[in-house]
Amino acid sequence: MGSTTPAEEPSLSREALERCAYKHLEESGHLKHHASKALAMHMADEVWNGVQRHLFADTTSNRHGRPRVGRQHDFTRIPGRARSHTTANKWETFRLVGTLHGHAMAYADGGRHDLTQPRRMPTPAKPDGKIPTHKGMRKATWWDHTGPLAVVFAGGPDGKRGDLVLPVRIPQGPGQEARARHFLEVGARWHKVDLVRRRKASAPGGWAYEAHLMVLGPGYASPSVRRMRRQAAGLDRIGGVDGNVSNLSVVSFPANLAPSTGTAVSSEIVLTDAERARLEKEAKKRRGRARALERSRRSTNTGQYGLSKKQARRAERRATKGLPEKIVTAPGGARDSWVDGVPKQAFRRDRLSHGYRELRARQAEAAASAAEYRRHRARAVARDIVAAHGPRLTVEDCDIRTWYRLWGKRLSQTTPGMLISALEIECRAASGRLVRASTWSTALSQHCLCGERVIKTLRDREHKCTACGLVGKRDLVSAALAAFVDLIDPDDPKTARLDSARSRHAQITYGEGLEEALRESTTPCQNTPRGAGRVAVPAQRVTSAHRTAERRDRTTPDEPRHLRDHAGAPGTRTACSPQLTIW
């Protein structure tokens with residue numbers, strides 16, 4: 001008998017989890033009226049994808065910690081499928097039906113004006129009549145619907161309430177038509193659709209419901225971005241990147257190190273005065289929300305908090321004078337705890353007011369918006385860097401987690417790790433690559449272009465070489481040295497070695513031009529208030545940036561073959577027809 005790995009045992013496999021979900025669905029009785037086996041299978045599939053990387057080692061024999069199970073309240077996503085790519089007209093969990101052309105014909109007056117969707121989207125009707133086939137005639141189903149887009153949930157095999165039809169609202173406005181057409185025009189590429197809810201304080205109930213669609217194909221890029229990437233791919237330049245807590249420095253040279261083909265170019269990504277003012281304003285709002293939440297919790301749970309020193313002295317003075325005791329609505333003391341410091345009542349058991357829940361929802365919404373803006377800013381900055389320096393760059397392989405232990409929240413303002421990750425993606429999109437070099441084998445911050453070793457501490461931000469006399473910014477000099485790092489194996493940062501001969505040749509070839517580039521940035525930007533010397537951070541627009549769905553390691557498997565012909569009971573649920581926004 002052959003040996004089997006733990007992953008191949010029936011109790012610890014994807015198929016075993018799916019069968020357990022089927023068995024639970026069959027034994028539950030009433031649950032079959034509301035859920036289908038396909039939905040149970042997708043839920044089990046999501047559980048397996050979440051725990052397999054914790055239970056079993058990957059190709060490098062590494063595990064990723066123990067699985068963390070969240071609260072039931074935080075489970076806000078229902079996984080589903082949009083279309084089967086192996087079997088035609090196969091029944092799915094959530095079907096995205098309709099066409100983009102039919103959607104535009106319904107809400108753009110036949111394409112004669114811009115897309116204008118009403119505030120309350122009408123529910124599309126299920127097709128009726130007969131459809132001719134090679135065997136005769138058949139009854140029309142949702143697969144024959146060519147009108148406005150909608151998400152259809154057929155329910156369980158024993159469901160009697162009919163299909164749940166959710167009308168879809170697609171993004172509209174300037175620049176949105178090309179994006180929607182890229183993802184929705186070809187229905188054969190629709191693969192996965194998830195029903196997701198997110199916090200939105202202004203929506204009824206405090207939640208907004210969306211349908212996240214996964215498309216089997218490349219992402220959308222505007223014509224200007226595609227043009228920029230083609231031009232960047234043609235740049236024959238080599239460059240280096242140096243990440244720091246307060247800035248990101250980039251220096252590049254022509255690949256052949258010939259002055260006739262170009263000059264040394266440097267960029268320094270820093271926060272502008274407008275960006276700093278915006279961050280201070282957001283921090284002030286965040287502190288105000290936190291104080292308001294704390295006051296609300298204390299006012300609602302007065303028995304769990306003691307009096308502050310000031311409140312205790314006032315109570316003592318009133319008692320001395322014989323005055324009646326004053327009722328404290330918001331005690332300012334410490335929480336009532338045991339000797340070891342553990343609160344006597346858990347925070348999750350506190351009573352929360354309606355205002356507290358609404359303010360907490362606004363706080364979560366503001367945090368999500370700020371995080372999306374940081375990602376949008378990182379992508380825009382990465383495009384500017386690749387356009388100026390080309391897609392072949394080298395960066396030191398640093399652990400950003402160590403930086404967070406040293407500088408903490410300061411990194412959340414400049415986000416160097418997010419900038420480097422976005423730069424790596426942008427280099428790959430422009431037919432290049434961002435390689436990582438080990439700091440142990442190169443020590444770029446401790447060397448000069450001439451090859452001499454210049455010892456500097458973290459406090460020293462200026463590079464001064466006593467051998468060649470080069471003076472410049474420490475980060476720009478390190479970025480220039482990174483351009484001359486060679487790797488035997490590009491996938492292994494430990495094989496990186498600094499080519500001092502080439503760096504010395506570049507220093508002699510470019511002379512004063514290189515020294516000026518190492519003292520100040522040479523890529524001016526009109527948006528920078530101080531003129532040349534900085535690459536401006538993109539200004540935040542009024543509308544939020546596009547949301548992106550989560551990454552997925554593998555495609556969702558098809559449903560079992562015995563569920564293939566199920567089409568659900570006829571009819572619609574008129575009482576439950578909320579609308580979905582698809583991103």
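Residue numbers count from 1 along this sequence.
A donor-acceptor pair shorter than 3.5 Å cannot be found between the side chains of Asp475 and Ser478. A donor and an acceptor atom, one from each side chain of Ser296 and Ser353, are located under 3.5 Å apart. Side-chain atoms of His463 and Lys456 include a donor-acceptor pair closer than 3.5 Å. With hydrogens and angles left out, the side-chain atoms of Ser224 and Arg227 include no donor and acceptor closer than 3.5 Å. A donor-acceptor pair shorter than 3.5 Å can be found between the side chains of His212 and Glu210.
In this structure, the side chain of Ser266 does not engage the main chain of Val251 through any donor-acceptor pair within 3.5 Å. Using modelled atom types, one side-chain atom of Arg226 and one backbone atom of Ala221 make a donor-acceptor pair closer than 3.5 Å.
Contact check for Val168 versus Met121: no side-chain heavy atoms found under the 4.5 Å cut-off. A heavy-atom distance below 4.5 Å is not found between the side chains of Tyr107 and Arg169. Looking at heavy atoms from C-beta onward, Arg474 lies in side-chain contact with Ser445 at the 4.5 angstrom threshold. Within the 4.5 Å cutoff, the side chain of Val225 has heavy atoms near those of the Arg383 side chain.
Ion pairing between a basic and an acidic side chain is recognised when a charged N comes within 4.0 Å of a carboxylate O; Asp350 and Arg335 show such pairing. Here Asp194 pairs with Lys192 in a salt bridge; the nearest charged N to carboxylate O distance falls below 4.0 Å. Under the 4.0 Å criterion applied to side-chain N and carboxylate O atoms, Glu282 and Arg286 are not assigned as salt-bridge partners. Taking the charged nitrogens against the carboxylate oxygens, Glu280 and Arg276 have no contact shorter than 4.0 Å, which rules out a salt bridge.
Using the six-membered ring where Trp is involved, Trp407 and Trp403 have ring planes that are perpendicular, over 60° apart on the 30 and 60° scheme.
For residues 229-252, the set of pairs meeting the salt bridge (Lys or Arg N to Asp or Glu O under 4.0 Å) definition, not counting sequence neighbours, comprises Arg229-Glu426.
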Before giving the answer on salt bridge (Lys or Arg N to Asp or Glu O under 4.0 Å), spell out for Arg298 and Glu294 the whole-Å C-alpha distance, their side-chain angles and the decisive distance to 0.1 Å. CA-CA 6 Å; Arg298 289 176 177 269; Glu294 182 67 16; 3.0 Å; yes
List the steps, then state whether salt bridge (Lys or Arg N to Asp or Glu O under 4.0 Å) holds for Arg375 with Glu372. CA-CA 5 Å; Arg375 289 189 290 267; Glu372 183 60 36; 2.7 Å; yes
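Separating the CG atom in Leu498 from the OG atom in Ser441 is a distance of 9.5 Å, to the nearest 0.5 Å.
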When the side chains of residues 433-440 are checked against the rest of the protein, which donor-acceptor pairs come out under 3.5 Å, sequence neighbours left out?
| unit_1 | atom_1 | unit_2 | atom_2 | d |
| --- | --- | --- | --- | --- |
| Arg433 | NH1 | Asp491 | OD1 | 3.4 |
| Arg433 | NH2 | Asp491 | OD1 | 2.3 |
| Arg436 | NH2 | Glu424 | OE1 | 3.3 |
| Ser438 | OG | Trp440 | N | 3.2 |

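Listed by chain and residue number, nothing satisfies the salt bridge (Lys or Arg N to Asp or Glu O under 4.0 Å) test with Glu396 (two or more places apart in sequence, or in another chain). Every residue was checked against the side chain to side chain donor-acceptor pair (under 3.5 Å) condition with Asp492, not counting sequence neighbours, and none meets it. Not counting sequence neighbours, His389 has no partner by the ring-ring contact (aromatic ring centres under 6.0 Å, His included) test. Remark: Glu462 engages no residue in a side chain to side chain donor-acceptor pair (under 3.5 Å) (not counting sequence neighbours).
For the residue pair Pro343 and Phe347, the shortest heavy atom distance occurs at CG-CE1, 3.9 Å.
Heavy atoms from other residues, nucleotides or ligands lying under 6.0 Å from CD of Gln413 number more than 12.
By the 6.0 Å and 45° rule, Arg189 does not stack over the aromatic ring of Phe183.
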